[in-house]
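Have a look at the structure below before the remarks.
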Protein chains: 2
Amino acid sequence: MSKTTRILKHKNLFNDVFKRQYSDFVRGQATAAANLKERVLFHGEPSGPSVVTPVPGPRSTKLINELETIQNVGAVQFFVDYDHCLGNYLFDADGNVLLDMFTQIATIPIGYSHPRLMAALRKPENIASFVNRPALGCLPPSNWVNKLRDVLLAVAPPGLTNVQTMQCGACSVEHSQKAIFMWYQRHRRGGKPPSEEELKSCITNQKPGTPEICIMSFHKAFHGRTMGALAITHAKWVHKLDFPQPDWPIAPFPTLQYPLDEFVRENREEEDRCLNTVRELFEKWRLKGNPVAGIAVEPIQCEGGDNHATPYFFQGLQDIAKENNAALLIDEVQTGCGSTGKFWAHEHFNLREAPDLVPFAKKMMTGGFYFKKDFKPTEGNRIFTTWTGDPSKVSMLEAVVDVIFQEDLVTNTANVGDYLMSALKELQKRYPGLIMNARGLGTLTAIDFNTVESRDKAVYNLRQKGVLVGVCGEKSMRFRPTLMFQNHHVDIFTDIFNDVLAGLNK
Amino acid sequence: MSKTTRILKHKNLFNDVFKRQYSDFVRGQATAAANLKERVLFHGEPSGPSVVTPVPGPRSTKLINELETIQNVGAVQFFVDYDHCLGNYLFDADGNVLLDMFTQIATIPIGYSHPRLMAALRKPENIASFVNRPALGCLPPSNWVNKLRDVLLAVAPPGLTNVQTMQCGACSVEHSQKAIFMWYQRHRRGGKPPSEEELKSCITNQKPGTPEICIMSFHKAFHGRTMGALAITHAKWVHKLDFPQPDWPIAPFPTLQYPLDEFVRENREEEDRCLNTVRELFEKWRLKGNPVAGIAVEPIQCEGGDNHATPYFFQGLQDIAKENNAALLIDEVQTGCGSTGKFWAHEHFNLREAPDLVPFAKKMMTGGFYFKKDFKPTEGNRIFTTWTGDPSKVSMLEAVVDVIFQEDLVTNTANVGDYLMSALKELQKRYPGLIMNARGLGTLTAIDFNTVESRDKAVYNLRQKGVLVGVCGEKSMRFRPTLMFQNHHVDIFTDIFNDVLAGLNK
């Protein structure tokens, strides 16, 4: 069976337009890979992008106008035919094919329509997880313990053996915060049970049951959009304006100079400055009578600009948290699940011990958080929602984890990340003053532009040439390809990016 | 093909124990229905509960102990073999079959393993929704507008034509609150754009971009467990203790006397008292400089005790909200989707116009909220999360809505609700002093016990006899059957409940 036939059979959903286009796409991928001496991770992908209309095209534009009568569409880029999407390629509603380096805000782990995901959907033992969604906190499925062990705990951050599923990233962060607050107050009580007054007053948001305690966060952080996660988010006004929020301490996140290894002394000074402020804020909020129960930090600030800090900074944070009897929450919602060349980004930091809590979502398919035993609530029904997760998402994650292990995808992102970083650095040399500060771990990479306008123009022009990337911070472009992204994809991207940059430089 | 064979073929997952038991179960359902002259809504269900071990049995107990090493299990009742569950019946890990009248905290609309849900999972046009989860806010699927129109807007509350999907009930409430805050501040600005100072200050949780505005809620309310939803939740300490919360106004929810039609005068006085307090709280918080932007209320307070109020109360609330330029949010997460004998519980209230926002989740399979046009954000990326919902859940809801319409299930819950209420009232007469205050709309019903202990004993004994019910408030028992619950199920329940009550009365 020829490759084209096999793919068409596999997909079985292509309309005539796509069928005609498809045979053209398929030729080159294996060739490109062979030239680079790499095995192909996703068989049958297009050989590269193919753009036949502006993006968004007429059909997307029509749909955007229709959707506008139902909800705000200000953030909609274009509409997608997800039936057709394959591997690293998005197929839009107008027949355009785009190399996807943003992957639904970094949520697609092993590519679109991966055969193992299709198979997971059909496995008889998975069906009930899709059609009979349980209230996991009271009536878990009889295979649930095994699923937690074999899937979620099989990829747990070293040192963490407890896990709680949730729905999405925001509620994973929210319930991690609640686990911190309960832990902190339990220690404050010194083992005594809560008083009658506490039990009663909390119900109406009053002291002492409703304590004045807080979470310290960082400038430019992003942790989510529900009220508790938003309280520790400080990236952009669009997330924050008009919403009541508590006055909690916010520390500076290091503003490092790149490449990190060329600015070791300067960066160390900057990180010391930030760590000192963290120490001061602990003291300041203690004096206010509103002590810090925990610190929340991203291993790399993504939404805020792909801001990196060194292991020294995170080790320091952990020390300061311990000195102050506060918890350390490392939010791996965007950075977790293999894209950084480690399964969890904080594994790059050689922490003395595991972080206390690690929320996850996005590429993990399900929300949730890992935590140390001491953060397990002592009473039932404390960390609990109606659904408390979704076994169908764990069925999908099971397939993802299998593929990650079998294909050694974490090694892949480490290697492809090196190749991508070399390419970005090469372009940086070629277009000085236009792009700068290439940085990243694995394929989780970013580059800065000289201005917002040139960044936005580059994003737009890349899209018109069939490459989808993300933005972050003020004038950064971020790359979040799948774990199946390979060197030959880097080459496709580099060629097109070079064209776009050359065009901007004119 | 005999019925037994057909079911076994359909399920194809029964182990030997179940195979032996099954032929016994299947006999009577159709007979029971025939005796009551009702057509069978769910074919092939067991004829009634069957309990062969204590619940939880040895296998559940073993699994609870194993799960305890991974997370808190205080709320776990027993483990379930969801592969085997069918219609209104739960099959537990020890081979017990229970008539489910709590349905995963009121989340199962058309019964377990409904053939239409199984079919939805396999429909070729639905596959992409399960394997390629989009970032709906920026790259929606090309069939998304149609899905919103044909599924979510097809069952929208009268007068509401806008809808936003979300993940779960809590984030549906949270983003509804945010829509209220944006709307309120927009009107306060009188059409002017936000100032530079607002845009900047909000990022660090400071005034004026972070306003002091609030949502008014009710004592005993439950709206969810993330920080914003929790701020308006006042049902039980277990939801609240140790978590920092804002000091927002809380009004009394009417404490009515049942049956409502026997206490018209007393209930009217009580509702007037509560409405007056609502008015006073608006004024009080305005004077504090922290004005009320909206009122959040459940049509029936579920978690708080199945507390009802009359249309007069809700009409009054809407009037007061309007007088104060505040929004009215009616939280239909538990009450929506047909169980009250109307699709939305607030349709019982004959409001002068639609409520401003109606969050939903649970039986709707997806989270989300309906809203009036004026509550649509004016900028993009304001009501937005990474996933912003889940098309796979809308694929499932599509099947649910089809079945609800085809089988006229809302009429069914109205009729079966009457039958169930008659049965509860009959039992109430038979066991005076033990149970009282039977109340409900449709099959969303509840009854009170004289003490917490007798209520809890009754719940436990019902479970040992194969009926699963819920609790709420201090000493209430709540019933949340599927929309497929029929009179012959009521008869099964009534017989067993009578036995249990007789046992308690000894």
Side-chain angles (χ1 to χ4, degrees), chain A residues 63 66-67 70-72 74-75 77 79-83 85 93 104-105 112 117 121 128 130-132 134-135 137-142 145 148 162 164 167-168 171 174 181-182 185 199 202-205 209-210 225-228 234 237-238 240-243 245 250 376-377 380-381 385-386, chain B residues 63 66-67 70-72 74-75 77 79-83 85 93 104-105 112 117 121 128 130-132 134-135 137-139 141-142 145 148 162 164 167-168 171 174 181-182 185 199 202-205 209-210 225-228 234 237-238 240-243 245 250 376-377 379-381 385-386:
Chain A
L63 287 167
E66 288 176 20
L67 185 59
I70 300 173
Q71 55 188 225
N72 182 291
Q77 298 179 8
F79 279 76
V80 177
D81 280 354
Y82 286 98
D83 291 341
C85 295
Q104 314 297 325
I105 320 181
Y112 295 103
L117 294 178
L121 187 65
F130 289 97
V131 299
N132 298 328
C138 32
L139 296 170
S142 48
V145 176
L148 290 179
N162 288 253
Q164 178 63 61
Q167 284 77 234
C168 65
C171 70
E174 290 260 354
F181 291 135
M182 283 189 281
Q185 292 297 89
L199 297 182
C202 71
I203 294 177
T204 50
N205 301 11
T210 305
R225 305 243 199 169
T226 48
M227 220 57 93
H234 317 288
W237 71 261
V238 78
K240 302 278 291 182
L241 181 71
D242 297 339
F243 308 139
Q245 288 273 272
I250 312 169
K376 192 166 85 164
N381 200 5
T385 79
T386 293
Chain B
L63 287 167
E66 287 176 22
L67 185 61
I70 299 173
Q71 55 188 225
N72 182 290
Q77 297 179 9
F79 279 76
V80 177
D81 280 353
Y82 286 98
D83 292 340
C85 295
Q104 314 297 326
I105 319 181
Y112 296 102
L117 293 178
L121 187 64
F130 290 97
V131 299
N132 298 328
C138 31
L139 297 170
S142 47
V145 175
L148 291 178
N162 288 255
Q164 177 65 60
Q167 285 75 235
C168 64
C171 69
E174 291 260 352
F181 291 135
M182 283 189 282
Q185 291 297 91
L199 297 182
C202 71
I203 295 178
T204 50
N205 302 11
T210 305
R225 303 242 198 170
T226 49
M227 220 57 91
H234 316 286
W237 71 262
V238 77
K240 302 278 291 182
L241 182 70
D242 297 339
F243 309 139
Q245 288 273 272
I250 313 168
K376 191 167 84 163
E379 309 102 1
N381 200 5
T385 78
T386 294

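The chains referred to below are lettered A, B, ... by the order of the sequence lines, with proteins before strands, and numbering in each begins at 1.
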Which of the residues B/Met227, B/Gln71, B/Gln185, B/Glu174 is involved in the greatest number of heavy-atom pairs with chain A at under 4.5 angstrom? B/Gln71

Quick one: of B/Leu241, B/Thr226, B/Asn162, who has the most non-hydrogen atom pairs under 4.5 Å with chain A? B/Leu241

Any donor-acceptor pair under 3.5 Å linking the side chain of A/Asn72 with the backbone of B/Pro377? yes

Distance (rounded to the nearest 0.5 Å) between A/Thr210 OG1 and B/Trp237 CH2: 13.0 Å

Nearest 0.5 Å please: distance from the CD atom of B/Gln77 over to the CG atom of A/Leu139. 5.0 Å

Is any side-chain heavy atom of A/Cys138 less than 4.5 Å from a side-chain heavy atom of B/Ile105? yes

So how far is it from A/Thr386 OG1 to B/Arg225 CZ, rounded to the nearest 0.5 Å? 8.0 Å

Using a 4.5 Å cut-off on heavy atoms from C-beta on, say whether the side chain of B/Ser142 contacts that of A/Leu63. yes

Given the options B/Val145, B/Leu117, B/Asn205, which has more heavy-atom pairs under 4.5 Å with chain A than any of the others? B/Asn205

The ring pair (Phe, Tyr, Trp, His ring centres under 6.0 Å) partners of A/Phe130 (sequence neighbours excluded) come to B/Phe130

Between chain B and each of A/Ala93, A/Gly74, A/Gly137, count heavy-atom pairs under 4.5 Å; write down the option with the most. A/Gly137

Residues forming a side chain to side chain contact (heavy atoms under 4.5 Å, CB included) with B/Ile250, sequence neighbours excluded: A/Thr204, B/Ser217, B/His219, B/His234

Side chain proximity check, A/Leu148 to B/Leu67, heavy atoms < 4.5 angstrom: yes

Please rank B/Ala135, B/Gly228, B/Cys171 by heavy-atom pairs under 4.5 Å with chain A and give me the top one. B/Ala135

Expected output: side-chain B/Gln104 to main-chain A/Pro134 donor-acceptor under 3.5 Å: no

Please rank A/Gly380, A/Pro140, A/Ala128 by heavy-atom pairs under 4.5 Å with chain B and give me the top one. A/Pro140

Evaluate the side-chain proximity of B/Val131 to A/Tyr82: yes if any heavy-atom separation is below 4.5 Å, no if none is. no

